[in-house]
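Please read the structure below before turning to the comments.
We name chains A, B, ... by the order of the sequence lines, and we start the count at 1 in each one.
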Amino acid sequence: MNSIKAIRGMNDILPSAVGAWQSIERQMRTLLASFGYEEIRPPIVERTELFRRSIGEITDIVEKEMYTFDDRNGDSLSLRPECTASIARAAIQSGLLRTPGQRVWAMGPMFRHERPQKGRYRQFHQLDVEILGIADASAEAELIVMSRRLWRMLGIDDPVLEVNSLGDRTIQKRYRKELVEYFSSRSAELDDDCRRRLQTNPLRILDSKNPAMQPLIEAAPRIVDRLDPAALGHFERLEAMLGEAGVEYRINPRLVRGLDYYTGTVFEWTTDALGAQSAVCGGGRYDDLIADIGGSASPAIGFAIGLERLVALLELSGVEPSIPVPHAYLAGIGEAGERSAHAVAERLRDAISDLRLIVDAESASLKAKLKRANRSGARFAFLLGEEEIRDGALTVRDLRKDTPQSSISLEGISALIAAADAAPTPALPDH
RNA sequence: GUGGGCGUAGCUCAGCUGGUAGAGCCCUGGAUUGUGGCUCCAGUGGUCGAGGGUUCGAAUCCCUUCGCUCACCCCA
């Protein structure tokens with residue numbers, strides 16, 4: 001019982017699951033490229049200061065969820081809890097913002113020290129997509145349309161899209177004050193949770209799931225009613241574009257979001273299929289962030305997709321991602337066959353590009369090796385013993401068909417593999 | 001940090017009110033000395049999460065603790 005285990009909330013993605021991940025990642029890359037987005041890879045560790053200034057000092061993420069430690073020189077560093085701040089930092093640092101309209105994405109692990117539960121882990125993975133330097137609502141529309149295309153591409157049911165506008169900082173500040181006044185006047189009716197939020201992040205009261213709070217929240221002032229003409233115009237323009245594109249959405253005046261940097265449009269794709277963690281994709285505009293962390297003011301917008309949640313959705317949808325099985329399993333037979341197996345395999349690999357070949361040159365019975373061949377999922381078993389060495393050929397068994405085995409020269413193998421790649425692989429005869 | 005559920009073989013689990021640990025799957029070998037999948041036979045594998053207590057005797061009852069999981073909080 002003293003074996004070392006993985007850290008709580010940090011999971012191995014095992015070979016049996018990795019097919020789904022690769023399939024999702026591949027399709028995402030294809031989609032992003034088709035929209036003209038370029039990959040960026042910021043480091044996983046940043047100065048703690050970056051997250052404090054971007055995400056916000058009094059957010060849960062910064063207050064209690066970051067993996068923070070001192071570097072050897074005393075600098076406070078943190079594992080990234082999200083990726084937007086890092087991308088913004090990188091863009092400022094390397095001058096990407098000199099050309100507006102940067103479309104970038106990043107994918108990788110994020111870290112938050114929360115209690116794990118279904119769909120929420122301490123190390124989790126996100127795809128982050130950002131448009132830097134475009135203030136127009138067309139950027140919002142583009143990201144939303146692209147994410148919808150992703151759901152369809154993956155073959156999962158469209159999640160529900162919720163949209164809201166938070167207005168700019170001035171509007172937010174005024175609204176927050178109004179909200180605090182409203183809830184303070186009714187603080188006797190608030191539950192403990194909401195009373196706490198009143199002090200920390202009053203907007204989040206709107207998010208409360210407590211049914212008893214609903215009437216109070218319903219009657220609260222709504223930020224959509226406090227937007228100025230510019231913000232309203234922006235939001236209406238987005239609605240028009242979504243309408244034209246046939247995107248279904250719901251305006252949720254209570255959609256706030258837990259990071260401080262959001263201004264203007266925010267949105268979330270949610271599902272009720274994943275238990276309590278309903279957000280599959282969330283994002284919004286952050287027009288002030290870049291200036292906040294020291295860049296010259298530049299509008300920006302982005303979203304993040306939770307890959308664990310997407311993988312879970314894909315499983316629920318019953319889509320079976322095809323994982324590449326080996327073309328062949330080469331079994332050396334007897335001392336001579338085992339000795340030359342790797343040499344023959346190398347000749348095959350030289351001759352056939354992208355050949356997927358497992359070599360079994362262990363000292364074991366042929367029976368055992370054929371068993372392993374079958375288990376490997378390979379289409380063919382190649383047998384190499386003294387006879388084959390003498391004939392300069394391989395004995396080939398089709399593991400998916402009941403046809404008799406045959407002797408094929410090394411030259412003939414490449415036609416065999418090409419033919420197998422061209423035709424759909426037959427399923428295993430019995431299970 | 002708080003609350004619920006659960007910890008028995010690699011996996012899925014059985015083991016009733018205490019009597020000294022089992023099945024299926026997987027894996028290995030054999031039936032087939034160079035021939036897989038199906039079948040049959042045999043076998044490997046467990047300090048019953050850990051520690052303590054009650055008892056002649058604990059996987060089973062009690063206490064403590066650790067882990068997993070779901071939910072709250074928050075979010076992808």
Side-chain angles (χ1 to χ4, degrees), chain A residues 1-3 5-9 11 14 16 55 59-65 81-84 107 109-129 147 159 191-194 196-197 200-201 204 207-210 255-259 268-271 274-283 302-313 329 331-338 360 364-378 380-388 395-402 404-405 427-431:
Chain A
M1 244 322 122
N2 53 10
S3 63
K5 300 214 187 80
I7 307 297
R8 175 203 289 255
N11 304 122
L14 297 171
S16 57
I55 295 168
T59 56
D60 278 14
I61 292 180
V62 168
E63 273 186 336
K64 52 187 196 198
E65 294 175 2
E82 58 107 41
C83 201
T84 301
M107 185 153 48
M110 310 293 159
F111 302 85
R112 292 183 200 171
H113 192 103
E114 307 171 88
R115 285 292 280 265
Q117 67 190 69
K118 191 178 171 69
R120 197 184 68 185
Y121 308 100
R122 289 185 174 177
Q123 174 175 331
F124 60 104
H125 298 77
Q126 288 186 334
L127 168 70
D128 244 78
V129 182
S147 47
D191 62 19
D192 290 347
D193 231 26
C194 289
R196 182 180 54 78
R197 287 173 180 166
T200 57
N201 193 344
R204 295 224 65 91
D207 240 11
S208 171
K209 288 171 192 160
N210 185 346
L255 176 61
V256 290
R257 299 193 53 71
L259 293 80
E268 254 177 34
W269 290 92
T270 64
T271 171
L274 298 180
Q277 308 308 316
S278 58
V280 185
C281 169
F303 68 70
I305 292 176
L307 296 191
E308 278 79 2
R309 292 177 189 179
L310 207 51
V311 168
L313 278 183
Y329 191 98
I333 306 168
E335 186 49 38
E338 286 159 8
D360 188 342
S365 70
L366 175 58
K367 179 191 171 77
K369 287 172 187 169
L370 273 168
K371 255 181 138 148
R372 294 175 203 158
N374 189 60
R375 205 185 306 145
S376 77
F380 301 105
F382 293 163
L383 310 187
L384 175 71
E386 284 181 15
E387 297 167 26
E388 288 79 9
T395 296
V396 175
R397 282 184 71 88
D398 190 331
L399 297 173
R400 306 296 180 94
K401 285 184 182 167
D402 259 337
Q405 65 190 33
L428 291 164
D430 313 283
H431 195 249

Determine whether any donor atom in the side chain of A:Asp402 lies under 3.5 Å from an acceptor atom in the base of B:G37, or the reverse, and answer yes or no. yes
The nucleotide from B:A76, B:G34, B:G36 with an atom nearest the side chain of A:Lys371 is B:G36
From CZ of A:Arg8 over to C1' of B:C68, roughly how many Å is that when rounded to an integer? 8 Å
To the nearest Å, how far apart are A:Arg204 CZ and B:C73 P? 10 Å
Could you tell me whether the side chains of A:Tyr329 and A:Asp360 share a donor-acceptor contact shorter than 3.5 Å? yes
With rounding to the nearest 0.5 angstrom, report the CD to CZ distance, A:Glu65 to A:Phe111. 14.5 Å
In whole Å, what is the span from the NZ atom of A:Lys118 to the C1' atom of B:G5? 15 Å
Residue matched to B:G1 through Watson-Crick or wobble contacts both under 3.5 angstrom: B:C72
On a whole-Å scale, what distance lies between the C1' atoms belonging to B:G15 and B:A21? 8 Å
Identity of whatever pairs with B:U12 - Watson-Crick or G-U, under 3.5 angstrom: B:A23
Touch check for A:Arg397, heavy atoms < 4.0 angstrom, all strands: base, sugar-phosphate only, or nothing? base
Residue met sooner reading RNA chain B from 5', once A:Leu383 and A:Gln277 are mapped to nucleotides: A:Leu383
Does A:Glu82 reach a base, just sugar-phosphate, or nothing at all? Heavy atoms under 4.0 Å. nothing
Looking only at the side chain of A:Ser365 (C-beta and beyond, no hydrogens), which of the listed nucleotides B:G36, B:G34, B:G1 gets closest? B:G34
Let's test this: given Watson-Crick or G-U wobble pairing with both distances under 3.5 Å, identify the partner of B:G29. B:C41
So which of A:Gln126, A:Lys118, A:Gln277, A:His125 actually passes side chain to side chain contact (heavy atoms under 4.5 Å, CB included) with A:Arg309? A:Gln277
Whole-Å gap separating P (B:G37) and NZ (A:Lys369): 16 Å
OP1 or OP2 of B:C73 sitting under 4.0 Å from any side-chain N/O of A:Arg120? no
Between A:Arg375 and B:U28, is there a side-chain N or O to OP1/OP2 distance below 4.0 Å? yes
Contact class for A:Gly119 vs. all strands (heavy atom < 4.0 Å): base, sugar-phosphate, or nothing? base
Sticking with atom C1', work out how far B:G49 lies from B:A31, rounded to a whole angstrom. 41 Å
Classify the nucleic acid contact of A:Ala304 as base, sugar-phosphate or nothing, counting any heavy atom under 4.0 Å across all strands shown. sugar-phosphate
Which part of the nucleic acid, if any, lies within reach of A:Arg257 when heavy atoms closer than 4.0 Å are counted: base, sugar-phosphate only, or nothing? sugar-phosphate
Interatomic spacing from CE in A:Met107 to CD1 in A:Ile305 - rounded to 0.5 Å: 10.0 Å
Measure from the side-chain heavy atoms of A:Arg309 and tell me the nearest of B:A76, B:U2, B:U35. B:A76
Any side-chain N or O of A:Gln117 below 4.0 angstrom from OP1/OP2 of B:A71? yes
What is the nucleic acid contact for A:Glu387, judged by heavy atoms within less than 4.0 Å: base, sugar-phosphate only, or nothing? base
Do NZ/NE/NH1/NH2 and the carboxylate oxygens of A:Arg120 and A:Glu308 come within less than 4.0 Å? no
Quickly work out the A:Arg122 CZ to B:A76 C1' distance and round it to whole Å. 16 Å
Quantified in whole Å, what is the C1' atom distance between nucleotide B:C48 and nucleotide B:C61? 16 Å
Could you let me know what B:G67 is paired to, Watson-Crick or G-U wobble, both distances under 3.5 Å, or none if it's on its own? B:C6
In whole Å, what is the span from the CZ atom of A:Arg372 to the C1' atom of B:G34? 15 Å
Enter the distance from A:Leu313:CG to A:Leu274:CG here, rounded to the nearest 0.5 Å. 4.5 Å
With the side chain of A:Arg115 defined as its heavy atoms from C-beta on, choose the nearest nucleotide among B:A76, B:C72, B:U35. B:C72
P atoms of B:C62 and B:G24, separation to the nearest Å: 32 Å
State whether a side-chain donor-acceptor pair under 3.5 Å links A:Glu388 with A:Thr395. yes
Output, in order, the C-alpha distance, side-chain angles, deciding distance and verdict of side-chain contact (heavy atoms from CB on, under 4.5 Å) for A:Glu63 and A:Thr59. CA-CA 6 Å; A:Glu63 273 186 336; A:Thr59 56; over 6 Å; no
Contact class for A:Glu388 (heavy atom, under 4.0 Å): base, sugar-phosphate, or nothing? base
Which value, in whole Å, describes the distance between the P atoms of nucleotides B:G51 and B:A14? 24 Å
What's A:Phe380 touching, base or sugar-phosphate or nothing? Going by heavy atoms closer than 4.0 Å. nothing
Between A:Arg8 and A:Glu114, does at least one N-O distance fall below 4.0 Å, as a salt bridge requires? no
Without decimals, in angstroms, what is the distance between A:Leu274 CG and B:C70 P? 12 Å
Looking at the base of B:G37, is there any donor atom on it, or on the side chain of A:Asn374, that sits under 3.5 Å from an acceptor on the other one? no
C1' atom, B:G45 versus B:C26: distance in rounded Å? 11 Å
Under-4.0 Å side-chain N/O to phosphate OP1/OP2 contact, A:Lys367 with B:G36: yes
Taking any strand in view, what nucleotide pairs with B:G57 in a Watson-Crick or G-U wobble way, both distances under 3.5 Å? none
P atoms of B:C6 and B:U60, separation to the nearest Å: 15 Å
B:U54 to B:C63 separation - P atoms, rounded to the nearest Å: 15 Å
note: A:Phe303, atom CZ; B:A76, atom P; distance rounded to Å ~ 13 Å
Starting from the 5' end of RNA chain B, give me the residue, A:Glu386 or A:Ala368, whose nearest nucleotide shows up first. A:Ala368
